[in-house]
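Heads up, the thing below is written out as structure tokens.
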2 protein chains.
Amino acid sequence: MVQRMQQMARPRGRPREFDVDQALDKAIKVFREQGYNATSIEDLTGAMGLASGSIYKAFKDKRAVFLAALDRYMRLRNDQIALIAGTRGTARERLRAVLGFYVDSAKGIEGRRGCMVVGSAVELAIVDREVATRVGATLARNEAFLADLIRQGQADGSISGRIDPDDTARVMVCLTQGLRVVGKSGRAPADTAAAVDIAMRLLA
Amino acid sequence: MVQRMQQMARPRGRPREFDVDQALDKAIKVFREQGYNATSIEDLTGAMGLASGSIYKAFKDKRAVFLAALDRYMRLRNDQIALIAGTRGTARERLRAVLGFYVDSAKGIEGRRGCMVVGSAVELAIVDREVATRVGATLARNEAFLADLIRQGQADGSISGRIDPDDTARVMVCLTQGLRVVGKSGRAPADTAAAVDIAMRLLA
DNA sequence: TCTTTTAGGAAAAGATCGTTCCCTAAATCA
DNA sequence: TGATTTAGGGAACGATCTTTTCCTAAAAGA
């Protein structure tokens, strides 16, 4: 049984010397800053600490590296937001925490580095169907997530029942994506609490 | 006198056969769809109806074409918004009209085509200082424009005096830029009036 | 009319980029 | 242990992209 698991863990030839996820994290950093087209294989080898041959052993081509990085980026970000929204309190308080996370992500160096979803949407959505699909799915998921949070707030009494959860969530998604655009130019709101207070006005 | 004006109008050698602004409009279309790095000189020659040599006669290099296109795009868009905001009515009504224009810009084919300011911010702001300067200036101008409109509304009584015009305008700019990101993936709000109603909640 | 200046256009040059190839290294299988 | 399989790494290749060059065309100046 243990031997079977070891066999499954070590497939055949020479084992990979680097951790794929760690390498993807480096790739994510580069793609967030420069986007897809401006990032050369040389940029990736430098950031990931690998030779070009090794990259092409692990990934079909540059686009596959990007898609893997995008998937990982979206997953990590989703996990973070789910964690923040999982804290105690009314749905309104949890929604406030989520919005605060978005505002903070848009500030300073992190904001300048940018968002891979926004970058993918702007640079590639029109020419790469697979990227467009993923971006659309993430935006839809974020929208549904926020709408659900709003509905929870309407159920626990912390959010007005007069607003439409879906329409409001959709506008809120625009706000969060816009924060990342503005963050790229270093003009994101400096005062997180103040910005979140204003954003919370969308809830009636 | 007439001869002097003709001299000024026709400088020296062979006159240019194409209209620079018309050519830039074609370039804007390509840059909006594909961004800077994905657009080749061949793309530009095709869209602008010029040979590469002619482009390099009129512009220093590809980057100069992009900067000229960006400047023209920003100017045209600014003019449109100023026109819309110049209509009669309370400042609140004019602000509503401006927001409606932003929402409409994010919808359908126009939305998929994208915004050159957003594209520039996301793709180039971190690597091109000159682009970053222009993007920052436009965002600041938009912010000041919206803040002024809010102040007018507070003066004419159509907008609550309890909100901070600058902070609110800053969040509103994020919303408008985000609309363009979401529009790239075809997920912009379908019902303009409903989306504007929700956005107007930011005014208290 | 002849010279000078600038534009149009296509081909060539020069640079860069993505990908493949080849050799060595490290693992498993027989 | 020898064969097989896969990874690491760097050079080489082929394609593409930006820019320059060169020749012709069209205008003004003398």
Side-chain angles (χ1 to χ4, degrees), chain A residues 2-24 26-27 30-31 33-69 123-124 127-128 130-131, chain B residues 2-24 26-27 30-31 33-69 123-124 127-128 130-131:
Chain A
V2 171
Q3 199 169 7
R4 173 108 62 92
M5 281 193 63
Q6 281 177 343
Q7 277 183 354
M8 291 182 69
R10 291 224 184 169
R12 257 323 202 110
R14 175 174 174 175
R16 187 159 284 146
E17 291 180 5
F18 64 94
D19 181 72
V20 175
D21 282 339
Q22 256 179 283
L24 281 178
K26 310 287 185 61
V30 180
F31 283 133
E33 289 174 356
Q34 306 191 334
Y36 177 75
N37 288 296
T39 298
S40 66
I41 300 293
E42 199 185 348
D43 290 334
L44 290 176
T45 60
M48 298 166 89
L50 300 170
S52 64
S54 302
I55 291 183
Y56 279 87
K57 286 275 161 60
F59 301 95
K60 180 175 165 285
D61 52 19
K62 180 184 158 187
R63 180 167 170 271
V65 179
F66 183 84
L67 288 175
E123 193 184 1
L124 299 173
V127 291
D128 191 316
E130 216 154 327
V131 171
Chain B
V2 171
Q3 201 168 5
R4 174 108 62 91
M5 282 194 64
Q6 281 177 343
Q7 279 182 354
M8 292 183 69
R10 291 223 184 172
R12 254 324 200 112
R14 176 175 173 175
R16 187 161 282 148
E17 291 179 4
F18 64 94
D19 181 72
V20 175
D21 282 339
Q22 256 180 283
L24 280 178
K26 311 288 185 61
V30 180
F31 283 132
E33 288 174 357
Q34 308 193 331
Y36 177 76
N37 287 296
T39 298
S40 67
I41 300 293
E42 199 184 349
D43 290 334
L44 290 176
T45 60
M48 298 166 90
L50 300 171
S52 65
S54 303
I55 291 183
Y56 278 86
K57 285 275 163 59
F59 301 96
K60 181 174 165 284
D61 52 20
K62 181 183 159 188
R63 180 168 169 269
V65 179
F66 183 84
L67 288 175
E123 193 182 3
L124 299 172
V127 290
D128 191 316
E130 214 154 329
V131 171

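- For A/V20, the side chain to side chain contact (heavy atoms under 4.5 Å, CB included) partners two or more places apart in sequence, or in a different chain, are A/R16, A/F18, A/L24, A/F59.
- Using modelled atom types, no side-chain atom of B/E123 and backbone atom of A/E123 make a donor-acceptor pair closer than 3.5 Å.
- Applying the side chain to side chain donor-acceptor pair (under 3.5 Å) definition to pairs two or more places apart or across chains, those involving residues 56-67 of chain B are B/R63-B/D128, B/R63-B/E130.
- B/F18 comes within 4.0 angstrom of sugar-phosphate atoms only, judged by non-hydrogen atoms across all strands, and of no base.
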Write out a two-atom table: protein N or O, nucleotide N or O from nucleotides 1-5 of chain D, distance below 3.5 Å.
none

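- In this structure, A/D19 has no salt bridge (charged side-chain N to carboxylate O under 4.0 Å, His left out) partners at least two apart in sequence or on a different chain.
- Remark: C1' of C/dG9 and CG of B/L44 are 16 Å apart, rounded to the nearest angstrom.
- Taken from CG in A/L124 to CD in B/Q34, the straight-line distance is 11.0 Å, to the nearest 0.5 Å.
- When distances run from any side-chain atom of B/D61 to the nucleotides C/dA7, C/dT19, D/dT19, the shortest one goes to D/dT19.
- Neither OP1 nor OP2 of C/dA7 sits under 4.0 Å from any side-chain N or O of B/S54.
- Nucleotides of DNA chain D nearest to B/E17 and B/G53 differ in position, and the one nearer the 5' end is that of B/G53.
- Partners of A/F66 according to the ring-ring contact (aromatic ring centres under 6.0 Å, His included) rule, which considers only residues two or more places apart in sequence or in another chain, are A/F31, A/Y36.
- Look at NZ on B/K62: it is 21 Å from P on C/dG14, rounded to the nearest Å.
- If you take CG of A/L50 and C1' of C/dA25, they are 16 Å apart, rounded to a whole angstrom.
- We find that OH of B/Y56 is positioned 16 Å from C1' of C/dG8, with the value rounded to whole Å.
- Partners of B/Q22 under the side chain to side chain donor-acceptor pair (under 3.5 Å) rule, at least two apart in sequence or in another chain, do not exist in this structure.
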Where do N or O atoms of nucleotides 13-16 of chain D meet protein N or O atoms at under 3.5 Å, pair by pair?
none

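- Taking every heavy atom of residues 35-43 of chain B and every atom of DNA chain C, no pair lies under 4.0 Å.
- B/K57 comes within 4.0 angstrom of a nucleotide base, judged by non-hydrogen atoms across all strands.
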Which pairs of donor and acceptor atoms, one on a side chain in residues 38-49 of chain A, lie under 3.5 Å apart (sequence neighbours left out)?
{"from": "A/T39", "atom 1": "OG1", "to": "A/G35", "atom 2": "O", "distance (Å)": "2.7"}
{"from": "A/S40", "atom 1": "OG", "to": "A/E42", "atom 2": "N", "distance (Å)": "3.4"}
{"from": "A/S40", "atom 1": "OG", "to": "A/D43", "atom 2": "N", "distance (Å)": "3.1"}
{"from": "A/S40", "atom 1": "OG", "to": "A/D43", "atom 2": "OD2", "distance (Å)": "3.3"}
{"from": "A/D43", "atom 1": "OD2", "to": "A/S40", "atom 2": "N", "distance (Å)": "3.0"}
{"from": "A/T45", "atom 1": "OG1", "to": "A/I41", "atom 2": "O", "distance (Å)": "3.4"}
{"from": "A/T45", "atom 1": "OG1", "to": "A/E42", "atom 2": "O", "distance (Å)": "2.7"}

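- In this entry the distance linking CZ of A/F59 with P of D/dG8 reads 11 Å, nearest Å.
- Between B/I55 and A/S52, it is B/I55 whose nearest contact on DNA chain C lies nearer the 5' terminus.
- Note: CZ (B/R16) to C1' (C/dG9) measures 15 Å, nearest angstrom.
- Rounded to whole Å, the distance from CE on B/M48 to P on C/dG8 is 11 Å.
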